[in-house]
Amino acid sequence: MSTATARYTGQLRTEATHSASCNVIFTDAPLDNHGRGEGFSPTDLVSTALGSCMMTIMGIVADRSGLDLTSTTFSVTKHMASDPRRIAQIDVDFRMPATLSAKDRTVLENAARTCPVALSLNPEIRQQVHFSYE
């Protein structure tokens with residue numbers, strides 16, 4: 001079974017349906033590439049997938065260790081290059097609970113950096129990951 005199916009809806013937009021859950025996401029071309037910028041662009045999804053994957057892997061590790069990461073948040077910033085147009089860098093900034101021990105912080109940070117999306121991205125895409133504990 002496929003992971004997802006998608007269709008082009010016109011005006012530089014797609015609609016993708018997750019095969020297992022039937023959840024739907026839409027993409028829109030960004031303003032700087034002839035689109036309306038009214039939704040995630042495909043490269044926004046790639047960047048967000050990196051942060052989400054890192055958070056998921058940290059969540060798995062935290063669950064095994066009895067740690068609560070429910071207050072953790074992250075933001076992603078995508079930097080584009082031209083000629084060819086591509087993602088040049090993704091910045092991921094995590095805000096984690098200050099109550100985590102130094103050992104737990106190290107384990108979680110290492111887990112994040114080895115998530116499947118991080119390991120799948122082209123090595124030319126710089127991944128700048130920052131963790132702050134608040």
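Basis for what follows: all heavy atoms, side chains included, without hydrogens, waters or symmetry-related copies.
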### Message
Just so I know, are the side chains of Leu50 and Ile125 near enough to count as touching, which here means a heavy-atom distance under 4.5 Å?
### Response
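In short, these two side chains do not touch, never coming nearer than 4.5 Å.
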#### Entry: Side chain to side chain, Asp93 and Arg95, heavy atoms closer than 4.5 Å
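Yes; the side chains approach each other to less than 4.5 Å.
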Do [X] and [Y] belong together in a cluster built from hydrophobic side chains that touch within less than 4.5 Å?
| X | Y | value |
| --- | --- | --- |
| Val117 | Ile25 | no |
| Tyr133 | Val129 | yes |
| Phe40 | Met80 | no |
| Val92 | Leu121 | yes |

When rounded to the nearest 0.5 angstrom, what is the spacing between [atom1] in [X] and [atom2] in [Y]?
| X | Y | atom1 | atom2 | value |
| --- | --- | --- | --- | --- |
| Thr48 | Met55 | OG1 | CE | 14.5 Å |
| His18 | Thr3 | NE2 | OG1 | 7.0 Å |
| Thr72 | Met96 | OG1 | CE | 4.5 Å |

Apply side chain to side chain donor-acceptor pair (under 3.5 Å) to [X] and list each qualifying residue two or more places apart in sequence or on a separate chain.
| X | result |
| --- | --- |
| Ser101 | Asp104 |
| Asp68 | Thr70 |
| Asp44 | Ser41, Lys78 |

### Query
Can you list the residues that meet the ring pair (Phe, Tyr, Trp, His ring centres under 6.0 Å) rule with Phe94, with sequence neighbours excluded?
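Ring pair (Phe, Tyr, Trp, His ring centres under 6.0 Å) list for Phe94, sorted by chain: Phe74, Phe131.
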Please set out all donor-acceptor pairs under 3.5 angstrom arising from side-chain atoms of residues 58-65, sequence neighbours excluded.
{"from": "Ser65", "atom 1": "OG", "to": "Val61", "atom 2": "O", "distance (Å)": "3.2"}

Would you be so kind as to tabulate the donor-acceptor pairs closer than 3.5 Å made by side chains of residues 26-33, with sequence neighbours excluded?
{"from": "Thr27", "atom 1": "OG1", "to": "Thr14", "atom 2": "OG1", "distance (Å)": "2.4"}
{"from": "Asp28", "atom 1": "OD1", "to": "Arg13", "atom 2": "NE", "distance (Å)": "3.2"}
{"from": "Asp28", "atom 1": "OD2", "to": "Arg13", "atom 2": "NH2", "distance (Å)": "3.4"}
{"from": "Asp28", "atom 1": "OD2", "to": "Gly37", "atom 2": "N", "distance (Å)": "3.1"}
{"from": "Asp28", "atom 1": "OD2", "to": "Glu38", "atom 2": "N", "distance (Å)": "2.8"}
{"from": "Asp32", "atom 1": "OD1", "to": "Arg85", "atom 2": "NH2", "distance (Å)": "2.9"}

Exercise: identify the closest heavy-atom pair between [X] and [Y]:
| X | Y | answer |
| --- | --- | --- |
| Arg105 | Leu100 | NE-O, 2.9 Å |
| Leu108 | Leu67 | CD1-CD1, 4.2 Å |
| Leu69 | Pro97 | CD2-CD, 4.3 Å |
| Arg113 | Met54 | CA-CE, 4.3 Å |
| Cys115 | Ile57 | CB-CG1, 3.6 Å |

### Task
Return yes if a side-chain donor-acceptor contact under 3.5 Å exists between Asp91 and His79, otherwise no.
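His79 and Asp91 do have a side-chain donor-acceptor pair below 3.5 Å.
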### Query
Counting distance only, does the side-chain N/O of Ser19 pair as donor-acceptor with the main-chain N or O of Ser2 below 3.5 Å?
yes
